[in-house]
Amino acid sequence: MNYKHIVNKIPEFCLTHWLLRIPLIVVFVQQGLAKWPINIDDSPVELTLLVWTFVVLGELGAALGLLVGGIADYTKRTKELGDIITRFSGITIASIMTGVIWTGEPESFTDVILYDNLHVLLWVGGMYFALRGNRT
């Protein structure tokens with residue numbers, strides 16, 4: 001069968017990246033706002049106030065960056081800047097999730113993969129945007 005007539009009707013710009021962006025934005029906004037105002041006593045593990053502040057602001061900033069980076073991709077003037085913002089936000093998400101997984105002190109890599117699904121999925125989402133940027 002020839003599907004060429006269907007493929008040619010797909011718009012040049014693709015909106016499917018929002019299916020991954022929006023849940024990541026929602027989760028990181030929720031997590032950041034749950035820790036607001038910043039109080040070191042809210043930290044589940046022993047962290048310094050500086051590190052805890054970076055975690056909270058990183059969560060909120062990464063969510064905002066994914067939103068702004070995605071929107072900026074739709075104009076020629078801001079396309080490159082949007083890609084950079086998206087990649088930086090992805091790196092931030094992956095870094096925060098790496099810290100969350102490590103501070104949980106899992107017994108093995110298998111334990112992380114089998115029992116820490118949410119954190120692994122958030123890490124993979126962050127890595128996707130870090131490596132892929134706004135390329136569709």
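All values reported here derive from a predicted model rather than from experimental measurement. This chain uses plain numbering: 1 for the first residue, then up along the sequence.
Side-chain atoms of Asn134 come within 3.5 Å of backbone atoms of Gly69 as a donor-acceptor pair (strictly under, hydrogens ignored). With hydrogens and angles ignored, the 3.5 Å screen pairs no side-chain donor or acceptor of Arg21 with any backbone N or O of Leu67.
Taking 4.5 Å as the limit, every side-chain heavy atom of Asp116 sits out of range of all side-chain heavy atoms of Asp111. Inter-residue side-chain proximity for Leu57 and Thr53 is flagged as met; some heavy-atom pair is nearer than 4.5 Å.
Leu114 and Leu121 are members of different hydrophobic clusters when ILVMFWY side chains are connected at heavy-atom separations under 4.5 Å.
The pair Asp42-Lys35 fails the salt-bridge criterion, with no side-chain N (NZ, NE, NH1 or NH2) lying under 4.0 Å from an Asp/Glu carboxylate O. Checked for salt-bridge contact, Asp83 and Arg87 meet the test: a charged N lies under 4.0 Å from a carboxylate O.
Atom CH2 of Trp102 has 12 or fewer heavy atoms from other residues, nucleotides or ligands within 6.0 Å.
Contact detail for Trp123 and Ala94: the closest heavy-atom pair is CD1-O, 3.3 Å. Scanning both residues, Gly82 and Ala72, for their nearest heavy atoms gives CA-CB, 3.7 Å. Nearest heavy-atom pair, Val56 versus Gly32, reported as atom, atom and distance to 0.1 Å: CG1-O, 3.8 Å. Closest approach of Leu66 to Ser89, counting heavy atoms only: N-OG, 3.5 Å. Residue Phe129 comes nearest to His17 through the heavy atom pair CZ-O, 4.0 Å, listed as atom of the first residue, atom of the second, then distance. Here the shortest heavy-atom pairing between Phe28 and Ile93 reads CZ-CG2, 3.5 Å.
Here the options are Val51, Thr103, Val100, the test is side-chain contact (heavy atoms from CB on, under 4.5 Å), and the partner is Val45; only Thr103 passes.
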In sequence, state the C-alpha distance, the side-chain angles, and the governing distance for Thr78 and Thr75, and then conclude on side chain to side chain donor-acceptor pair (under 3.5 Å).
-> CA-CA 6 Å; Thr78 59; Thr75 63; 2.4 Å; yes
From CA spacing to verdict: side-chain contact (heavy atoms from CB on, under 4.5 Å), Asn39, Leu49 = CA-CA 8 Å; Asn39 184 353; Leu49 181 59; over 6 Å; no
Step by step, work out the side-chain contact (heavy atoms from CB on, under 4.5 Å) result for Thr98 and Ser95.
-> CA-CA 5 Å; Thr98 300; Ser95 298; 5.7 Å; no
Could you walk me through whether Phe54 and Ile96 pass the side-chain contact (heavy atoms from CB on, under 4.5 Å) test, one step at a time?
-> CA-CA 9 Å; Phe54 274 112; Ile96 289 170; over 6 Å; no
For the pair Leu64 and Leu60, evaluate side-chain contact (heavy atoms from CB on, under 4.5 Å) and give the outcome as yes or no after the intermediate values.
-> CA-CA 6 Å; Leu64 180 64; Leu60 293 171; over 6 Å; no
